[in-house]
Amino acid sequence: MAINFGKIKYLKTCASLNDTPGTGLPEIVLAGRSNVGKSSLVNALGNNKKLAKVSQTPGKTQQIIYFDLDGKAILADLPGYGFSKASKTRSQGFSELCDNYFKVRKGIDLVLLLIDIRHEPSSDDIAMLNYLNQSALPYFLVFTKCDKLSAQQVRNQLRMMSTVLDFAEDARVFAVSSSETNPQKSGINDLKQALSDEVCKD
Ligand SMILES: Nc1nc2c(ncn2[C@@H]2O[C@H](COP(=O)(O)OP(=O)(O)O)[C@@H](O)[C@H]2O)c(=O)[nH]1
Ligand SMILES: [Mg+2]
C-alpha cells in the first residue's frame with residue numbers, strides 16, 4: 001500500500017542520540033547542509049506548511065526531528081552538517097550529531113541527500129556522499145530550489161553535478177522545488193512515488 005503523504009505527523013524532537021525513538025518502522029533520513037531545504041521538503045511532501053519549521057537563520061539548532069509517514073515509515077530531519085564549529089575541525093566534514101547518527105542508528109533504510117541545485121557541492125556534501133558510498137547505505141540525491149533556475153539551467157547544473165559528485169550511474173536523482181510560491185512543486189510527486197515504492201516494496 002502506498003504512503004498517504006497527507007498523513008505525515010510530527011513525532012518527536014531529540015537533542016541527543018540517547019532518546020531517539022525505536023519504532024520498528026522503516027526509516028528515511030534527510031541529510032544536507034543547513035538551509036538546503038530539508039524542512040521545506042517535509043512540508044512539500046505533506047502539503048502542509050506547518051509541519052516543519054522553515055528557518056531564515058541557518059545552523060542554530062542541533063536536533064533531530066522525527067515525522068511519522070502514515071504509520072508506514074519514519075522520517076528523520078537531521079541537523080545540517082557543515083555549520084557547526086566542530087565540523088570545520090573534523091576531517092570528515094559534517095557535524096558531530098549528524099556524523100554520529102549514521103554510526104549509531106541502526107536500521108536506516110534510505111537517506112535523502114539534499115544539495116542546492118544552484119551551487120557547486122561543498123566539501124561537506126562530497127564527504128557525506130563518499131560516506132554513503134562507503135557504508136553502502138541506499139540513498140536518493142535530491143537537488144533543491146530548482147524554481148530558482150530555468151529548466152535549461154537545471155539541466156546544465158545536473159550535468160555539472162554528475163561530474164563533480166561520485167554517484168552511481170543508476171542512483172536515483174530528483175530535482176525538486178518545495179517553494180510555496182511554486183504551485184507545481186516540481187519533482188515532489190516523483191519523489192513521493194519513489195519513497196512509497198521504496199518503503200512499501202517488501
Ligand atoms: N525558492 C525556494 N526556496 C526554498 C526551497 N526550499 C527551501 N527554501 C528556502 O530556503 C530557506 C531554508 O529552508 P529550510 O527548509 O529551513 O532549510 P533546512 O535548514 O535545510 O531545513 C528558507 O528560506 C526556505 O524558504 C525551494 O525549493 N525553493
Ligand atoms: Mg530545518
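Numbering of ligands and ligand atoms starts at 1, following listing order.
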Out of curiosity, N35 CG to S40 OG, how far, rounded to the nearest 0.5 Å?
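Here the interatomic distance stands at 8.5 Å.
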About how many Å separate OG of S177 and CD1 of I188, when rounded to the nearest 0.5 Å?
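Reported value, rounded in 0.5 Å steps: 7.0 Å.
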Could an N or O of ligand 1 be found under 3.5 Å from any N or O of [X], whether backbone or side chain?
X    : result
S40  : yes
V176 : no
S39  : yes
S34  : no

Under 3.5 Å side-chain donor-acceptor pair for [X] and [Y]:
X    : Y    : value
N189 : Q193 : no
Q152 : N156 : yes
D125 : S122 : yes

With respect to atom 27 (O) of ligand 1, which of C146, A52, S178 exhibits the smallest heavy-atom separation?
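Nearest heavy atom to atom 27 (O) of ligand 1 lies in S178.
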Criterion side-chain contact (heavy atoms from CB on, under 4.5 Å) against V199, the qualifying member of L110, I28, D109:
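Looking at L110, I28, D109, the match for V199 under the side-chain contact (heavy atoms from CB on, under 4.5 Å) is I28.
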Hey, is T144 one of the residues with a heavy atom under 4.0 angstrom from ligand 1?
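Per 4.0 Å heavy-atom rule, T144 does not contact ligand 1.
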Which of the numbered atoms in ligand 1 are below 4.0 angstrom from a heavy atom of S177?
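Those atoms are 27 (O).
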Give the numbers and elements of all ligand 1 atoms closer than 4.0 Å to a heavy atom of K148.
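Every atom of ligand 1 under 4.0 Å from some heavy atom of K148: 1 (N), 2 (C).
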For E27, is there an ion pair with R105 - N to carboxylate O distance below 4.0 angstrom?
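Salt bridge flag = yes for E27 with R105.
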Strictly under 2.8 Å, is the Mg ion (ligand 2) approached by any N, O or S atom of S39?
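Yes, S39 qualifies, because one of its backbone or side-chain N, O or S atoms lies under 2.8 Å.
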Using a 4.0 Å heavy-atom threshold (strictly under), name the region of D147 that reaches ligand 1: side chain, backbone, both or neither.
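The answer is the side chain of D147.
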